[in-house]
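First the structure, in the form of structure tokens, and then the observations on it.
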Amino acid sequence: QVQLVESGGGLVQAGGSLRLSCAASGSISSNNVMGWYRQAPGEERELVADITSSGSTNYADSVKGRFTISRDNAKNMVYLQMNSLKAEDTAVYYCKLGGYTRTWPPRSYAYWGQGTQVTVSS
């Protein structure tokens, strides 16, 4: 069982910055992917960025150069530093932890945070 608790969302002006944090607790595998997704009203949930336990990152094209994902494996935390925010970044941001069980055959799993609102005003 894994629990994810997010923090850091809020209201910010266009061009500003926010830092989102997500703390994971429970039975966490050392080999996993943690990431941030977002969902605007009426839109599908989309990947913003993710990061493996070894530090490999992946970003949506829309946030490259503006957002930075990082993690602290010792603390089981993942962060999203958001700079140069735009109105189109407004969404609910969700933390995700995913991976595969150490069984055969392996089974995928995913845990989600509750979501935190990010609103960018212009």
Side-chain angles (χ1 to χ4, degrees):
Q1 188 89 10
V2 174
Q3 298 82 42
L4 302 174
V5 180
E6 304 170 353
S7 61
L11 176 64
V12 65
Q13 290 185 317
S17 298
L18 282 174
R19 179 177 168 87
L20 305 183
S21 300
C22 174
S25 62
S27 300
I28 302 170
S29 173
S30 60
N31 185 21
N32 61 65
V33 178
M34 298 186 73
W36 292 93
Y37 291 69
R38 68 187 182 187
Q39 186 169 25
E43 303 291 333
E44 294 184 342
R45 189 172 299 186
E46 64 175 354
L47 173 70
V48 177
D50 60 24
I51 182 169
T52 68
S53 56
S54 61
S56 296
T57 59
N58 181 51
Y59 295 91
D61 288 341
S62 60
V63 307
K64 286 181 179 177
R66 299 188 297 121
F67 292 9
T68 302
I69 189 169
S70 61
R71 64 187 291 167
D72 185 333
N73 291 334
K75 296 181 178 180
N76 290 320
M77 296 191 69
V78 63
Y79 309 92
L80 186 68
Q81 178 66 46
M82 303 185 293
N83 298 327
S84 301
L85 282 162
K86 305 174 181 179
E88 51 262 45
D89 295 318
T90 296
V92 177
Y93 284 70
Y94 298 90
C95 179
K96 180 186 177 182
L97 182 150
Y100 293 88
T101 61
R102 294 182 178 180
T103 59
W104 190 259
R107 301 173 184 175
S108 64
Y109 64 86
Y111 297 92
W112 293 88
Q114 78 283 2
T116 184
Q117 176 70 230
V118 172
T119 303
V120 183
S121 63
S122 60

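Being a predicted model, the structure only gives us computed values, none of them experimental.
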**OP:** Apply side-chain contact (heavy atoms from CB on, under 4.5 Å) to the pair T68 and Y79, showing each step before the final yes or no.
**Re:** CA-CA 8 Å; T68 302; Y79 309 92; over 6 Å; no

Original post:
When hydrophobic residues are tied together by side-chain contacts of less than 4.5 Å, even through go-betweens, does I51 share a cluster with V2?
Top reply: yes

**OP:** Determine whether L18 and M77 fall in the same hydrophobic cluster, where Ile, Leu, Val, Met, Phe, Trp and Tyr are linked whenever their side-chain heavy atoms lie under 4.5 Å apart.
**Re:** no

Tell me the closest heavy-atom pair linking [X] and [Y], and the distance in Å.
X: Q114; Y: L4; result: OE1-O, 3.5 Å
X: Y94; Y: G115; result: CD2-CA, 3.5 Å
X: Y109; Y: S29; result: OH-CB, 3.7 Å
X: A110; Y: K96; result: CB-CE, 3.7 Å
X: C95; Y: V78; result: SG-CG1, 3.7 Å

Original post:
Rounded to the nearest 0.5 Å, how far does OG of S30 lie from CG of N76?
Top reply: 10.0 Å

Subject >> Spacing of OH belonging to Y59 relative to CG belonging to L80, to within rounding of 0.5 Å >> reply: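 Taking OH in Y59 and CG in L80, the distance rounds to 8.0 Å.
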
With a 4.5 Å limit on heavy-atom distance, are the side chains of [X] and [Y] in contact?
X: V92; Y: Y37; answer: no
X: Y100; Y: N31; answer: no
X: D89; Y: R66; answer: yes
X: V118; Y: L20; answer: yes

Subject >> Candidates R38, E88, K86 - the one meeting side chain to side chain contact (heavy atoms under 4.5 Å, CB included) with S62 >> reply: R38

Original post:
Looking at I28, D50, N73, L97, which hits side chain to side chain contact (heavy atoms under 4.5 Å, CB included) with M34?
Top reply: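 Answer to the side chain to side chain contact (heavy atoms under 4.5 Å, CB included) test with M34 among I28, D50, N73, L97: L97.
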
Original post:
Is there a donor-acceptor contact under 3.5 Å linking the side chains of S17 and N83?
Top reply: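 Short answer, yes.
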
Indicate yes or no for a side-chain donor-acceptor contact from [X] to the backbone of [Y] under 3.5 Å, with no hydrogens or angles considered.
X: T119; Y: T90; answer: no
X: Y93; Y: E6; answer: no
X: S122; Y: A14; answer: no

Original post:
Stepwise, does the side-chain contact (heavy atoms from CB on, under 4.5 Å) test hold for L85 with F67?
Top reply: CA-CA 9 Å; L85 282 162; F67 292 9; 3.8 Å; yes

Subject >> Full working for side-chain contact (heavy atoms from CB on, under 4.5 Å) between W112 and R45 >> reply: CA-CA 12 Å; W112 293 88; R45 189 172 299 186; 3.3 Å; yes

Subject >> Pair Q81-S70, side-chain contact (heavy atoms from CB on, under 4.5 Å): steps then yes or no >> reply: CA-CA 8 Å; Q81 178 66 46; S70 61; over 6 Å; no

